[in-house]
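Comments concern the structure below.
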2 protein chains.
Amino acid sequence: MLKKERQAYILHQVNLHNKVLSSLLSHEIRVSEDTIRRDLQELSGEGKLIKVHGGALSHSFHEVTYSNSLSVYSQDQKKVIGEKAAALIKDGMFVLTSGGTTIIEMARALPPALRATFISGSIPAILEYMQHPNIEVVMIGDRVSKNAKITIGAEAINKIKNINADICFLGINAIDIKRGTTENDWEIAQLKKVMIDSSQKVVCCTISEKINTLQPIHICNIPDIDVLITELPPDAPILRPYVDAGIQVI
Amino acid sequence: MLKKERQAYILHQVNLHNKVLSSLLSHEIRVSEDTIRRDLQELSGEGKLIKVHGGALSHSFHEVTYSNSLSVYSQDQKKVIGEKAAALIKDGMFVLTSGGTTIIEMARALPPALRATFISGSIPAILEYMQHPNIEVVMIGDRVSKNAKITIGAEAINKIKNINADICFLGINAIDIKRGTTENDWEIAQLKKVMIDSSQKVVCCTISEKINTLQPIHICNIPDIDVLITELPPDAPILRPYVDAGIQVI
DNA sequence: CAATTTTATGCGTATTTATGCCACATTTCC
DNA sequence: GGAAATGTGGCATAAATACGCATAAAATTG
């Protein structure tokens with residue numbers, strides 16, 4: 001990894017989380033903490049961030065948080081989900097993803113050294129993937145839905161059908177132990193269906209408040225899902241039925 | 001492998017991945033690292049990429065991280081071009097566009113009441129089109145070039161071949177009365193070629209500075225162009241040869 | 001077409017840069 | 001106050017680079 005690349009990654013993280021820890025960065029990028037420290041110093045000298053003991057802060061966040069400089073990353077629910085999801089991806093994988101905020105968080109949590117191919121029709125997701133230094137990005141084309149910011153239509157569905165992905169990540173809006181996952185948009189439901197068919201492994205990501213809720217259009221049943229990711233620990237009571245149904249809950 | 005070829009290959013890799021490593025290139029092309037280094041130096045001198053220790057980075061990568069001013073070069077002129085271009089589009093048209101800053105300005109200049117279908121592989125262009133209340137937007141899918149922020153590859157080319165557009169807008173980097181329009185990236189040149197083939201009418205947009213310049217890869221000849229748009233008035237002396245060649249100059 | 005010049009490339013060596021490691025100072029937290 | 005984490009500066013090392021030079025290929029010239 002080039003020095004500038006590393007620094008770009010650090011800056012990206014700072015802008016994303018408002019703070020970074022040297023120790024974490026060092027672990028993520030797999031370089032010594034000395035190097036991280038030198039990078040932070042350099043970037044600080046250029047005015048790109050503010051160096052503090054143990055890490056660095058973004059400019060925008062600087063005033064508010066002199067007190068808790070060592071507190072952990074803001075553990076937003078969706079960030080937790082994103083991190084759990086990102087951990088499932090290994091080098092060389094073909095990854096198919098939908099759109100949605102949880103997927104965006106996954107994209108942001110990808111380790112910088114990861115080398116994989118990401119395929120999606122979601123424009124915001126593609127924009128995030130493009131920030132990554134090492135992954136290959138493939139966009140699925142078709143008519144663009146302006147509010148979902150995703151390509152939809154027969155063309156997209158056909159294209160996905162011809163893909164054979166290792167893993168597929170779906171941000172879902174509703175899941176229920178009886179009815180499976182459901183959606184409120186017919187075309188997006190179609191897309192997600194074929195994504196599931198085209199993948200070896202299906203991972204559903206959702207915040208816990210959407211568990212045990214329903215939407216009008218059916219996507220898939222519980223047995224079609226391999227992994228369920230929420231912000232809760234896997235042994236949370238609300239997740240119990242899904243564990244019992246044989247899903248790997250993370 | 002010829003020097004030009006090698007440098008074109010390097011540039012292409014930079015456009016695709018935002019970075020290249022000297023060691024890797026040297027191994028791939030089977031030339032010494034010295035040669036790669038000299039190439040990178042040369043290309044860097046021409047402003048085509050940014051040389052760093054260990055390899056090189058694309059401009060776009062460098063800009064988003066290292067520079068905080070994302071000012072577009074001679075944006076006012078491009079706005080003029082954008083307005084002229086937008087005026088050519090009528091209700092109901094199928095419009096094929098490349099990417100580039102002039103195209104973005106066109107997208108911004110579209111009258112809100114316009115109802116037309118816009119087709120493009122350029123992610124920034126699609127983002128602009130999505131802002132518009134009435135147009136239909138179609139994204140062409142394929143591998144994403146991280147620097148050009150455009151989808152490229154055989155899939156995209158095939159898709160464009162099957163389109164029959166009314167009009168096609170190309171932001172071009174070089175035009176010359178003898179050699180026609182030229183590009184510096186092979187794959188992008190291919191895309192533009194098929195765009196021209198798939199459209200009834202071909203419109204080239206460029207700032208006047210790029211008139212009478214050359215790039216290595218040929219796209220099309222002057223007779224293939226229907227309309228040429230620059231920021232200058234149509235009777236500017238520099239445009240005279242193009243008017244004489246039968247192009248409608250605006 | 002031969003002679004000459006220019007250009008492109010690779011090699012060896014000196015130099016610079018990037019990084020990690022260590023000993024020791026400083027800060028933070030309990 | 002003291003343990004743990006973090007920062008500092010020096011040093012070692014490996015990788016990348018600059019530079020001079022030799023050689024070969026290509027272009028130019030007479």
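Keep in mind it's a predicted model, so treat the numbers as computed, not measured. Naming convention: chains lettered A, B, ... in sequence-line order (proteins, then strands); numbering from 1 in each chain.
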Rounded interatomic separation in angstrom, taking [atom1] from [X] and [atom2] from [N]:
X: B:Met1; N: C:dA8; atom1: CE; atom2: P; answer: 16 Å
X: B:Glu33; N: C:dA8; atom1: CD; atom2: C1'; answer: 17 Å
X: B:Leu21; N: D:dA15; atom1: CG; atom2: C1'; answer: 13 Å
X: B:Asp39; N: C:dG10; atom1: CG; atom2: C1'; answer: 13 Å
X: A:Ile29; N: C:dT19; atom1: CD1; atom2: P; answer: 10 Å
X: A:Glu42; N: D:dG7; atom1: CD; atom2: P; answer: 16 Å
X: B:Lys19; N: D:dA16; atom1: NZ; atom2: P; answer: 13 Å
X: A:Leu40; N: C:dT19; atom1: CG; atom2: P; answer: 13 Å

For the backbone of [Y] and the side chain of [X], can you confirm whether one donor and one acceptor N or O come within less than 3.5 Å of each other?
X: A:Thr230; Y: A:Ser208; answer: no
X: B:His17; Y: A:Pro133; answer: no
X: B:Asn221; Y: B:Pro223; answer: no

Exercise for the section: Please check if atom NZ in A:Lys51 has more than 12 non-hydrogen atoms from other residues, nucleotides or ligands closer than 6.0 Å. Expected result: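 Yes, the 6.0 Å shell around NZ holds more than 12 heavy atoms from other groups.
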OP1, OP2 of [N] versus side-chain N and O of [X]: anything below 4.0 Å?
X: A:Gln41; N: D:dG7; result: no
X: A:Thr35; N: C:dT19; result: no
X: A:Lys51; N: D:dG7; result: yes
X: B:Arg38; N: C:dT7; result: no

Practice task
Among B:His218, B:Gln215, B:Lys192, find the one that has a side chain to side chain donor-acceptor pair (under 3.5 Å) with B:Glu183.
Solution key: B:Lys192
Handout entry: Closest nucleotide among D:dT6, C:dA18, C:dT19 to the A:Arg37 side chain
Key = D:dT6
Problem - Toward the 5' end of DNA chain D, by each residue's nearest nucleotide, B:Asp34 or B:His53 - result: B:His53
